Amino acid sequence: MALTPQVYWAQRHEEIFLRVELTDAQNIDVEVHENILHFQALGHGAKGQNLYEFTLEFLLPVKTQMAHKSTQRQVNISLRKEQRGWWTRLTKQERKPLFLAPDFDRWLDESDAEMEIKEKEERRNRRKALQDDDEGFISLKTGFLFTYNLVQFLGFSWIFVNMTIRLLTFGQDSFYDTFHSISGVMFFCQMLAAVEVLNAALGVVRTGVIPTLIQVLGRNFILFVIFGCLEEMQNKPVVFFVFYPWSAIEIFRYPFYMVGCFNTEWKILTWLRYSLWIPFYPLGVIAEAVAVIQSIPIFDETNLFSIPLPKAVGGSLSFSYFLHVYLAFMFLGLFINFRHLYKQRQRRFRTKKRKAH
């Protein structure tokens with residue numbers, strides 16, 4: 001024979017809350033039909049482990065859709081009133097059932113419930129205002145990132161296409177005037193690349209600051225110091241072999257970021273962005289190292305950037321000593337960035353495989 005559990009109730013203007021005192025309830029069956037709720041479950045109540053049930057006929061109509069959730073200590077049931085309003089009692093019968101009692105943990109008077117509604121509305125309005133501000137900021141950030149990546153893409157595309165056409169047209173002769181034909185746009189793109197370091201440092205984009213800083217400083221050192229300050233280096237073929245891998249990587253990296261600004265993805269573009277660097281990045285670093293090695297005799301001969309020593313010592317400290325040290329750090333930077341890019345690639349494609357499964 002089924003027993004009756006202890007039931008506690010509370011209300012709001014639009015909802016009814018019931019709390020059934022049953023521990024570890026199982027086989028829960030809750031139905032609402034013609035304004036009558038019937039509950040049955042097996043659980044541990046006031047009289048131990050048993051089958052418990054009860055029936056309630058509500059004062060006013062309720063919606064048949066209801067929700068219930070069982071915890072280790074109780075079963076919580078929530079229903080929605082057919083019409084918004086405050087009930088004088090829960091059941092149609094004036095005499096309250098013996099098993100039914102107010103849930104003082106959730107109990108509110110009508111005026112308190114109205115105040116709760118106002119507070120919820122105020123919180124909702126504040127959240128909406130904050131959300132609108134966030135959306136405005138996100139839109140501004142998205143527009144900024146898209147514009148930056150578009151400008152860089154157009155710049156490096158011009159460099160790559162120009163160098164390719166010149167190579168096909170003039171062959172090896174195009175190697176010797178690469179700097180004079182390309183350097184203006186390359187200077188602009190590499191100066192603008194400093195924005196990427198700021199974006200990483202300020203959290204505008206989620207990427208490591210150190211790898212980004214290494215790449216930007218390394219490239220700018222080669223471009224502005226090795227090539228920009230030494231006219232003798234500007235006519236050497238090594239300029240072509242430095243500029244070409246740089247632009248080949250960037251014409252796929254920047255479109256990848258442009259598409260990502262709108263939370264979309266092109267699979268082929270994703271693969272190219274995370275794969276082309278594998279051959280081109282080491283080749284670019286090797287070409288940069290060759291450029292540094294070729295510049296060392298020129299710095300020794302011209303004494304450019306050399307540091308004068310005290311008269312007692314005489315002479316000067318050649319900039320070439322710094323370049324020898326720089327070569328060692330260049331390959332250390334290659335290792336750090338290669339490791340960073342490899343981890344990025346692993347995370348990207350491992351995540352995609354998990355989603356596929």
Side-chain angles (χ1 to χ4, degrees), residues 1-132 134-135 263 351 354-357:
M1 182 177 177
L3 302 175
T4 304
Q6 185 66 38
V7 180
Y8 298 91
W9 78 284
Q11 68 169 317
R12 298 294 184 269
H13 286 84
E14 297 177 348
E15 294 174 290
I16 295 292
F17 304 109
L18 300 177
R19 174 164 57 88
V20 185
E21 289 293 292
L22 275 184
T23 303
D24 296 325
Q26 299 176 358
N27 302 328
I28 301 171
D29 182 22
V30 187
E31 294 181 354
V32 179
H33 181 64
E34 293 184 352
N35 209 38
I36 297 175
L37 179 141
H38 181 75
F39 173 92
Q40 186 179 73
L42 180 66
H44 191 89
K47 297 184 179 181
Q49 187 74 15
N50 211 319
L51 181 66
Y52 290 84
E53 66 178 358
F54 67 88
T55 300
L56 289 173
E57 184 177 5
F58 295 110
L59 175 65
L60 294 171
V62 296
K63 296 181 179 180
T64 56
Q65 297 87 358
M66 57 84 200
H68 71 272
K69 181 179 180 182
S70 176
T71 68
Q72 290 183 343
R73 298 179 56 190
Q74 61 204 23
V75 179
N76 296 313
I77 304 172
S78 62
L79 307 96
R80 296 193 68 83
K81 298 176 181 178
E82 195 69 52
Q83 292 184 345
R84 187 180 186 277
W86 198 257
W87 293 3
T88 56
R89 62 180 183 271
L90 179 65
T91 60
K92 187 173 184 179
Q93 63 187 78
E94 292 186 10
R95 187 173 181 180
K96 179 176 68 67
L98 294 177
F99 63 86
L100 188 64
D103 185 353
F104 290 109
D105 290 337
R106 304 194 69 165
W107 193 267
L108 289 179
D109 294 330
E110 184 176 4
S111 59
D112 294 332
E114 289 284 0
M115 185 64 67
E116 183 183 61
I117 292 174
K118 291 180 180 179
E119 290 176 354
K120 285 183 178 179
E121 186 67 27
E122 289 176 359
R123 287 196 296 269
R124 191 180 302 116
N125 291 337
R126 285 196 295 268
R127 283 196 299 269
K128 188 177 184 302
L130 290 173
Q131 185 178 1
D132 291 341
D134 290 341
E135 288 177 355
N263 295 320
T351 301
R354 285 177 181 171
K355 289 181 179 178
H357 291 307

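Fair warning: this is a prediction, and the values are worked out from it, not measured in the lab.
- Taking CG from Asp29 and CG from Leu42, the interatomic distance works out to 12.5 Å, rounded to the nearest 0.5 Å.
- Salt-bridge annotation for Lys63 and Glu82: absent, with no side-chain N of the basic residue lying under 4.0 Å from a carboxylate O of the acidic one.
- Atoms CH2 and CD1, from Trp9 and Ile16 in turn, are 6.0 Å apart once rounded to the nearest 0.5 Å.
- Tyr52 contributes a side-chain N or O that, together with a main-chain N or O of Lys47, makes up a donor-acceptor pair within less than 3.5 Å.
- Counting heavy atoms of neighbouring residues, nucleotides and ligands inside a 6.0 Å radius, atom CZ of Arg123 exceeds 12 of them.
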side-chain contact (heavy atoms from CB on, under 4.5 Å) evaluation trace for Leu18 with Leu56: CA-CA 11 Å; Leu18 300 177; Leu56 289 173; 4.2 Å; yes
Under 3.5 Å, sequence neighbours excluded: what are the donor-acceptor pairs made by side chains of residues 97-108?
residue: Asp103; atom: OD1; partner: Arg19; partner atom: NH2; Å: 3.0
residue: Asp103; atom: OD1; partner: Asp105; partner atom: N; Å: 3.3
residue: Asp103; atom: OD2; partner: Arg19; partner atom: NE; Å: 3.2

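- Salt bridge annotation for Arg84-Glu14: present, with a cationic side-chain nitrogen under 4.0 angstrom from a carboxylate oxygen.
- In this structure, the separation between CG on Leu59 and CZ on Arg89 is 5.0 Å, given to the nearest 0.5 Å.
- The structure places NZ of Lys69 at 10.5 Å from CD of Gln74, a figure rounded to the nearest 0.5 Å.
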Please report, to 0.1 Å, the donor-acceptor pairs under 3.5 Å made by any side chain of residues 30-38, with sequence neighbours excluded.
residue: Asn35; atom: OD1; partner: Val62; partner atom: N; Å: 3.1
residue: Asn35; atom: ND2; partner: Phe58; partner atom: O; Å: 3.0
residue: Asn35; atom: ND2; partner: Leu60; partner atom: O; Å: 3.4
residue: His38; atom: ND1; partner: Thr55; partner atom: OG1; Å: 2.9

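- For the salt bridge (Lys or Arg N to Asp or Glu O under 4.0 Å) condition, the pairs that include at least one residue of residues 51-62, sequence neighbours left out, are Glu57-Lys92.
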